[in-house]
2 protein chains.
Amino acid sequence: MAAARARSGGRPTLEEVAARAGVGRGTASRVINGSPRVSDATREAVEAAVAELGYVPNRAARALAGNRTDAIALVVPEPETRFFAEPYFSAIVRGVGAALADTEMQLLLTLVGSDRERRRLAQYLTAHRVDGVLLVAVHAHDPLPELLEQLGMPCVISGARHAAETLPSVDSDNFEGARAAVDHLISRGRSRIATITGRLEVYGAQRRLDGYRAAISAAGLAPDERLIAPADFTEEGGARAMRDLLARRPGLDAVFVASDVMAAGARQVLREADRRIPEDVALVGFDDSVVARHMHPALTSVRQPIEEMGRRMARLLLDEIAGRAPDDERPSVVLPTELVVRASS
Amino acid sequence: MAAARARSGGRPTLEEVAARAGVGRGTASRVINGSPRVSDATREAVEAAVAELGYVPNRAARALAGNRTDAIALVVPEPETRFFAEPYFSAIVRGVGAALADTEMQLLLTLVGSDRERRRLAQYLTAHRVDGVLLVAVHAHDPLPELLEQLGMPCVISGARHAAETLPSVDSDNFEGARAAVDHLISRGRSRIATITGRLEVYGAQRRLDGYRAAISAAGLAPDERLIAPADFTEEGGARAMRDLLARRPGLDAVFVASDVMAAGARQVLREADRRIPEDVALVGFDDSVVARHMHPALTSVRQPIEEMGRRMARLLLDEIAGRAPDDERPSVVLPTELVVRASS
DNA sequence: CGCCCTCCTGGGAGCGCTCCCACCTCCCTG
DNA sequence: CAGGGAGGTGGGAGCGCTCCCAGGAGGGCG
């Protein structure tokens, strides 16, 4: 069996294509790589030979000779994966895949486990030779981005790490999303609007809180710090925060929750406290995940264009690899969100 | 020299390691590949040199010289991806990743769009050189597996395509899962138990139906074909089937639904028909997805060990690539399911 | 009418590794 | 004490490609 797959697996080589087309190897290579310095006749001859032989370049040889790999890595922190079980992950992958579809680039999936592993990853990536890295869900203090930068490895991250993000990044407009959500609650006549935040070290969570605050003061409502309950993006955290809120401000009439999962926790607590949704308390989530659609009542939520984010990340990275300046000069993209109104508000 | 090192990204080569260890290139290679034909002293010298230089083998060169790639592809049919948005996909990936973690294997993610693209994929895969393929969600009539077999490309699929599956496959025990679900309903005193099936061309859906039938007759209940409603794994399909069921057999007191998503559709219809869950109608789903946990009332469901399935698929494939016979001779694995009882039954 | 420039073209020289063959020690046999 | 393994070892010969340097063939200009 190993013998059957012997050597090149029976695939034609560039040399064979060149011979068939009656040209030299160099010329054949030029045609295949789209160099303009080839006469039309030659180009056609080579293309015909390629078609007849079903030639496909050997990636390994190309990588070795050309010192590039035509591959990029999508790095996913393993601990986060579960948190990712949400469509988030597959949507990102779908977007990246779509952007790469008509490219020769292939996608490597790398799950990073421990923090030690993460520190070794940079070396690993350069050694295993990828042309660039897509980094998903990096924390503000993650050493990885700096390491990659030192190595000169092109890299795009999802979600800015802080206001002064230097790395190319793709993010959704957390601020505007949150503001729109709270504006919506206000327009529904709510005035004692609380919020449950995500982990505030995460810049996106901070931005959502900023958006909440902006909407509150823009509406002339009195800011009330006790209407703000920090949590951690988990269902339990959401429940805990809701309990705190109810204890501190029993009169609240709406809650903007910074994630659907936390909203699920909050809803549970509201039900136990016999508050009707939306009659007594209106609820708005963030992410527009499956959970939102299947909650009862269905949850109003802020949708992020996740697939599009994946697509843009890939495009940004390809630009960076090619040495092209991205179209819009500043290599960071913020995509608009959309409020999906359902029964909970 | 500086130029040479610049090309290779500044990374040391085998040659340099050999020089530093005071041995030949061949010997250094032997140490790095764990050949036994090396003296202890030499081995230590080489290992020291590797550590000092931070040497990591160049994958491309290895692939080219060794005619293998140390990479496997996970092929995901793009049309299905959305259906996959469920944790399914990330769980499989996590399992595969875990199995590959202490291997040199890397994971390539390949999304396949159209059917034409799928037909071209086999060539693509051999050309782009992977050692094996993990095929997720193949249909019974998909040409891909046969193509891969012809090419002698090792391959493992998730979910048998029919009873006489020839390819190595990993599946969960759909039959027993369904039977356990229906047994559970019977033990709760239900006797007019309906079922909503998935697309019966999908072998797993067929097996779930078989399990339902087996449980019904084992309990001495009268089989009733009008209690069986075929659907298509979608929420709308589940709703439609539930409506049919209600029309045909208004007296039903339980429904075993072959997927959580369809169960969500069914629940909606039951609510509109003012049937209380579980008092009037008990409901059991399949997959134990997020939807199940967040449904109201929370849905009893059959959990599949998806992450473990990913792990096993990877292991099976690695065995096949290595030419090893898998431990348990028959290269197909059926993993047990687990009934997660919640409020809906 | 000759010279030079431009446009193509062929093929040598690697890229860093694995495979394999030759060879060189020892050390165990007869 | 010679002969022959067996255990280690070095390095040549590629793997299939890209890069780049010569060099041939035309065509425009002085």
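Residue numbers start from 1 in every chain, and the chains themselves are labelled A, B, ... in the order their sequence lines are given, proteins ahead of strands. Small disclaimer: the values here were computed from a predicted structure and weren't measured.
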- Under the criterion side-chain contact (heavy atoms from CB on, under 4.5 Å), which of A:V333, A:I157, A:V156 is the partner of A:M313?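 For A:M313, the side-chain contact (heavy atoms from CB on, under 4.5 Å) test succeeds with only one of A:V333, A:I157, A:V156, which is A:V156.
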- Partner of B:I72 by side-chain contact (heavy atoms from CB on, under 4.5 Å), out of B:V133, B:L108, B:L100: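 The passing option is B:L100.
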- Message: Is the shortest side-chain heavy-atom distance between B:N58 and B:R11 below 4.5 Å?
- Response: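 Heavy-atom side-chain distance check fails, nothing below 4.5 Å.
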Between [N] atom [atom2] and [X] atom [atom1], what is the distance in whole Å?
| X | N | atom1 | atom2 | answer |
| --- | --- | --- | --- | --- |
| A:R37 | C:dG10 | CZ | C1' | 16 Å |
| B:E104 | C:dC17 | CD | P | 13 Å |
| A:R68 | C:dC15 | CZ | C1' | 13 Å |
| B:N58 | C:dG16 | CG | C1' | 6 Å |
| B:L14 | C:dT18 | CG | P | 6 Å |
| B:Y55 | C:dG16 | OH | P | 10 Å |
| A:E15 | D:dT18 | CD | C1' | 13 Å |
| B:D40 | D:dT9 | CG | C1' | 15 Å |

- Query: Does a nitrogen or oxygen in the side chain of B:S39 sit under 4.0 Å from OP1 or OP2 of D:dT9?
  - Reply: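 So the side-chain polar atoms of B:S39 do come within 4.0 Å of the phosphate oxygens OP1 or OP2 of D:dT9, strictly under.
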- Message: Give the residues of residues 19-35 of chain A touching DNA chain D, defined as any heavy atom closer than 4.0 Å, sorted by residue number.
- Response: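 Close to the strand are A:R25, A:S29, A:R30, A:N33.
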- Nearest of C:dG16, C:dC17, D:dT18 to any side-chain atom of B:L64?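 Nearest listed nucleotide: C:dG16.
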- Item | A:T13, nearest nucleotide to its side chain (from D:dG16, C:dC8, C:dT18) |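 Looking only at side-chain atoms, A:T13 lies closest to D:dG16.
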- Could you check B:A61 against B:P36 and say which one's nearest nucleotide on DNA chain D is further toward the 5' end?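 With B:A61 and B:P36 compared, the 5'-side residue is B:P36.
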- Query: Once you round to the nearest 0.5 Å, how far does CG of A:L147 lie from CG of A:L125?
  - Reply: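 Reported value, rounded in 0.5 Å steps: 10.5 Å.
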- Query: Could you give all pairs that pass the salt bridge (charged side-chain N to carboxylate O under 4.0 Å, His left out) test and reach residues 147-157 of chain A, with sequence neighbours left out?
  - Reply: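 Counting only pairs at least two positions apart or across chains, no salt bridge (charged side-chain N to carboxylate O under 4.0 Å, His left out) contact touches residues 147-157 of chain A.
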Nearest heavy-atom pair of [X] and [Y]: which atoms, and what distance?
| X | Y | value |
| --- | --- | --- |
| A:P145 | A:L135 | CG-CD2, 4.0 Å |
| A:I321 | A:D131 | CG1-O, 3.5 Å |
| B:T13 | B:Y55 | C-CE1, 3.6 Å |

- Worked verdict on B:E16 versus B:R20 for salt bridge (charged side-chain N to carboxylate O under 4.0 Å, His left out): CA-CA 6 Å; B:E16 287 164 16; B:R20 175 152 197 139; over 6 Å; no
- Task: Just report the end-to-end axis angle for the helix from C:dC1-D:dG30 to C:dG30-D:dC1, five pairs per end, to 10 degrees.
- Result: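 Comparing the axis at each end, I get an angle of 50°.
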